[in-house]
Amino acid sequence: MKRSRQVNCDKRSYSNEIQSHKHDFGQFLFPLQGSLEINTNQQEVKLTTEHCFYLPPTLTHGFHSKERNEFLILDLPDLFLLRDTESMYIKMDEQWSSIRFLLLEEVRHNKNESAALRDLARYVTHKLKTSTPPSIDYIHNHYKESISLDTLAEIEKYHPTYYSTWFKQKTGKSPKRYITDLRLAEAKQLLMSTTWNITSISEEIGFENSSSFTRWFVKWEGITPQNYRMINNG
């Protein structure tokens, strides 16, 4: 197992030869060119320039590339990380692109670990700890629609059989219950704060008709939407 006690950042390329290892530090991969295929027991990732990827300490992973590639790699010693920090597949948005740019500047101007690099490593670690997993973001943006388990697993690049276990560890709920609770919260808010009729509310939270909505609401709340509104609005 590879070991490191300092922050390290450099550019690396990978061959088509399939390799496998693990290390006692966290590792962040920022694609600069090409792609890299990464496999763990739970994930299969083809990492391209549209995403970055975090590998936690001690996670065995295989990797290889079928094309010309270049990656910016940030090695994070375990002392920077929370013990339960997991692998994360992250879209390269404006913030992560800015982090990549600053790390590249450090690589260009400093051959050894610098104070600025350690500060950037701390910031990356903070982002990892506070980032919402992309599939949970997706749920919050699409919970009024039909969402399949396969869709959510694909967003995280987890195998579907593992995703439900991972999700419950993360949220304390199954994906189905988590989505249900979001829809219930929205339905209750609309029942209490608007004068919309039941048909309008059912359409707003993604039901085809008010009958389906009422049956669903009674199943989870034990009371009809009409009675819930009457009781809570006095």
Side-chain angles (χ1 to χ4, degrees), residues 1-78 80-81 83-93 95-108 111 113 117 120-121 124-125 127-128 131 133-135 138 149-167 169-170:
M1 183 166 66
K2 294 188 176 182
R3 293 183 174 276
S4 176
R5 296 190 180 280
Q6 68 176 25
V7 178
N8 182 59
C9 190
D10 57 22
K11 293 180 183 179
R12 300 175 200 171
S13 295
Y14 298 91
S15 71
N16 191 34
E17 179 186 355
I18 298 175
Q19 302 179 60
S20 179
H21 67 202
K22 61 181 177 179
H23 29 70
D24 72 345
F25 50 87
Q27 189 172 80
F28 225 102
L29 298 92
F30 294 92
L32 301 174
Q33 180 184 353
S35 65
L36 182 67
E37 296 186 30
I38 306 171
N39 295 280
T40 72
N41 287 337
Q42 295 84 31
Q43 289 173 292
E44 294 181 359
V45 174
K46 184 172 183 179
L47 187 59
T48 67
T49 53
E50 295 179 357
H51 290 80
C52 52
F53 190 64
Y54 170 71
L55 283 162
T58 73
L59 179 65
T60 300
H61 53 282
F63 54 95
H64 73 286
S65 179
K66 298 178 181 178
E67 59 185 314
R68 183 177 178 182
N69 66 86
E70 186 176 41
F71 286 77
L72 181 68
I73 306 298
L74 176 66
D75 294 334
L76 297 164
D78 193 31
F80 277 74
L81 302 168
R83 288 289 176 182
D84 60 351
T85 308
E86 298 173 319
S87 58
M88 196 174 294
Y89 183 68
I90 304 170
K91 187 172 180 60
M92 282 293 294
D93 59 17
Q95 278 192 316
W96 283 110
S97 295
S98 297
I99 290 169
R100 180 177 62 185
F101 172 78
L102 292 171
L103 288 169
L104 278 168
E105 288 298 294
E106 280 302 304
V107 170
R108 289 191 186 104
K111 298 299 182 185
E113 182 185 65
L117 181 59
L120 281 168
V124 168
T125 301
K127 285 272 296 172
L128 280 172
S131 290
S135 65
Y138 182 89
L149 185 66
D150 285 348
T151 295
L152 296 174
E154 172 60 24
I155 291 170
E156 300 289 349
K157 301 301 180 186
Y158 280 125
H159 300 310
T161 51
Y162 175 76
Y163 179 79
S164 292
T165 300
W166 171 84
F167 191 94
Q169 290 172 345
K170 206 78 178 171

Close side-chain approach of T151 and Y138, heavy atoms under 4.5 Å: yes
Partners passing side-chain contact (heavy atoms from CB on, under 4.5 Å) against S20 (at least two apart in sequence or in another chain): T60
Trace of the side-chain hydrogen bond (donor to acceptor under 3.5 Å, both in side chains) decision for Q33 with N69: CA-CA 5 Å; Q33 180 184 353; N69 66 86; over 6 Å; no
Flag side-chain contact, heavy atom, 4.5 Å: H51 against P31: no
Residues E154, D150; criterion side chain to side chain contact (heavy atoms under 4.5 Å, CB included); working and verdict: CA-CA 6 Å; E154 172 60 24; D150 285 348; over 6 Å; no
Aromatic plane relationship, H61 with F63 - under 30° parallel, 30 to 60° tilted, over 60° perpendicular: tilted
Ring geometry between Y14 and F71 (parallel below 30°, tilted from 30 to 60°, perpendicular above 60°): perpendicular
Those residues that, when tested against K66, pass side-chain contact (heavy atoms from CB on, under 4.5 Å) (two or more places apart): N16, E37, H64
Contact check, side chains of I18 and N39, non-hydrogen atoms, under 4.5 Å: no
Of L103, I73, T49, the residue whose pairing with F30 passes side-chain contact (heavy atoms from CB on, under 4.5 Å): L103
Min side-chain heavy-atom separation L104-K11 under 4.5 Å: yes
Minimum heavy-atom distance between W96 and K91, given as atom pair plus value: CD1-O, 3.8 Å
Residue pair Y163, S135: steps toward the side-chain hydrogen bond (donor to acceptor under 3.5 Å, both in side chains) verdict: CA-CA 10 Å; Y163 179 79; S135 65; 2.8 Å; yes
Note, L120 side chain near L74 side chain (heavy atom, < 4.5 Å): no
Parallel, tilted or perpendicular, as decided by the 30° and 60° cut-offs, for the rings of H21 and H23: perpendicular
Heavy-atom side-chain proximity of Q43 to S87 below 4.5 angstrom: yes
